[in-house]
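This report refers to the structure that appears directly beneath it.
No hydrogens, no waters, no symmetry mates; every other heavy atom, side chains included, goes into these values.
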Amino acid sequence: TRELDPYAYTMHLDGAPLLDGYTPGTLSDWLQRSHRVLSTVCGWLDHPQKLCIENVEGWDPEVFAPLMDDLPVSRVVDVGHLWLQDVDPLEHLDRWLERTRVVHLHGIAARDHSSLAGVEPSVLDPVVSSLARGFSGVLTLEVFALDDFTSSLEALAASLRRLGGEA
């Protein structure tokens, strides 16, 4: 993909060892293995900041913070996954926005990756406001059906209008 000059390479770390709780030893082993893998992949890239680690549902979205502190990688912040975990995306965005190249935005209604149309304005608008104020990367509406995409665009435009921005 180097010839394509992508803006980001999204990477999901293998969090299987962390899914059902973990001990300090398990976490330490996982961090060491993840560090080795990320270091190797960073060595393959001309611009290692293009390697972006995504928070996935099912495990602590802050667990890889030590890796971020130690390596020149960036973030994909998946807001929908944070909502799914009842984690405040605003706190997460505040912490990581400077290192974030990509944001995934989607609803979590009857299933994950659904339309933003089902997200209450009181939940969506603060996230859109935060992104409008300080994010210059890629915003991905991470939905997998045309109807969900179209209605998500409409929900995003409505949010921007409520916030007094261009839609």
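Contact record, Cys52 with Ala8: SG-CB, 3.6 Å, taken as the closest heavy-atom pair. Nearest approach of Gly58 to Gln85, heavy atoms of both residues: N-NE2, 3.6 Å. Of all the heavy atoms in Pro17 and Thr26, the pair that sits closest is O-CG2, 3.8 Å. Pro66 and Glu62 make their closest contact through CD-O, 4.4 Å (heavy atoms, listed as atom of the first residue, atom of the second, distance). Residues Ile108 and Gly80 come closest through the heavy atom pair CG2-O, 3.4 Å. Between Val143 and Ser152, the closest heavy-atom pair is CG1-OG, 4.0 Å.
For the side-chain hydrogen bond (donor to acceptor under 3.5 Å, both in side chains) with Arg75, the lone residue among Thr100, Asn55, Thr10 that qualifies is Asn55.
One N or O on the side chain of Arg99 and one on the backbone of Val73 form a donor-acceptor pair closer than 3.5 Å. For Arg162 (side chain) and Asp125 (main-chain N/O), no donor-acceptor pair under 3.5 Å exists by modelled atom type. Of the possible donor and acceptor atoms, none in the side chain of Ser28 sits under 3.5 Å from a partner among the backbone N and O of Pro24. Side-chain N or O atoms of Thr150 include one that pairs as donor or acceptor with a backbone N or O of Leu146 at under 3.5 Å.
Counting heavy atoms from C-beta outward, Leu124 and Trp83 have side chains that approach closer than 4.5 Å. Contact of the Asp147 side chain with the Ser115 side chain is not registered, since no non-hydrogen atoms from C-beta on lie closer than 4.5 Å. At a threshold of 4.5 Å between non-hydrogen side-chain atoms, the residues Val37 and Met11 count as touching. Within the 4.5 Å cutoff, side-chain heavy atoms of Leu13 are placed close to those of Leu67. The side-chain heavy atoms of Leu139 and Leu156, taken from C-beta on, include a pair separated by under 4.5 Å. Leu51 places a side-chain heavy atom less than 4.5 Å from the side chain of Leu38. Contact of the Asp60 side chain with the Leu18 side chain is not registered, since no non-hydrogen atoms from C-beta on lie closer than 4.5 Å. Counting heavy atoms from C-beta on, the side chains of Asp78 and His106 come closer than 4.5 Å.
Between His35 atom NE2 and Asp70 atom CG the span is 3.5 Å, to the nearest 0.5 Å. Distance check: Ser130 OG to Leu97 CG gives 5.5 Å after rounding to the nearest 0.5 Å. With values rounded to the nearest 0.5 angstrom, Leu116 atom CG is found 11.0 Å from Glu142 atom CD. Considering CG of Leu71 and OG of Ser34, their distance stands at 10.0 Å, rounded to 0.5 Å.
Linking Ile, Leu, Val, Met, Phe, Trp and Tyr whenever their side-chain heavy atoms come within less than 4.5 Å puts Val128 and Trp96 in one cluster. In the hydrophobic clustering of this structure, Val41 groups with Val56; members are Ile, Leu, Val, Met, Phe, Trp, Tyr whose side-chain heavy atoms approach within less than 4.5 Å, directly or through other members. Hydrophobic cluster membership is shared by Val123 and Val87, with clusters built from Ile, Leu, Val, Met, Phe, Trp and Tyr side chains linked at under 4.5 angstrom. Hydrophobic clustering (ILVMFWY, side-chain heavy atoms < 4.5 Å, transitive): Leu93 and Val138 are in distinct clusters. Leu141 and Tyr7 fall into different hydrophobic clusters, where Ile, Leu, Val, Met, Phe, Trp and Tyr side chains are chained together by heavy-atom contacts under 4.5 Å.
Listed by first then second residue, pairs satisfying ring pair (Phe, Tyr, Trp, His ring centres under 6.0 Å) with a partner in residues 117-139 number zero, not counting sequence neighbours. Within the structure, the ring pair (Phe, Tyr, Trp, His ring centres under 6.0 Å) test picks out the following pairs touching residues 40-77 (sequence neighbours left out): Trp30-Trp59.
Using a 4.0 Å cut-off between a side-chain N of Lys or Arg and a carboxylate O of Asp or Glu, Asp5 and Lys50 qualify as a salt bridge.
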Practice item. For side chain to side chain contact (heavy atoms under 4.5 Å, CB included), just list the numbers for Leu82 and Val77, CA-CA rounded to whole Å, side-chain angles, deciding distance to a tenth of an Å, and then say yes or no. Key: CA-CA 8 Å; Leu82 294 171; Val77 174; 4.0 Å; yes
Check your understanding: How far apart are the C-alpha atoms of Tyr9 and Arg101, what are their side-chain angles, what is the distance that settles it, and do they pass the side chain to side chain contact (heavy atoms under 4.5 Å, CB included) test?
Key -> CA-CA 10 Å; Tyr9 297 96; Arg101 291 180 72 82; over 6 Å; no
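By the neighbour-count criterion of 12 heavy atoms within 6.0 Å, atom CG of Asp20 is sparsely surrounded, having that number or fewer from other residues, nucleotides or ligands.
There is no side-chain donor-acceptor pair under 3.5 Å between Arg36 and Thr40.
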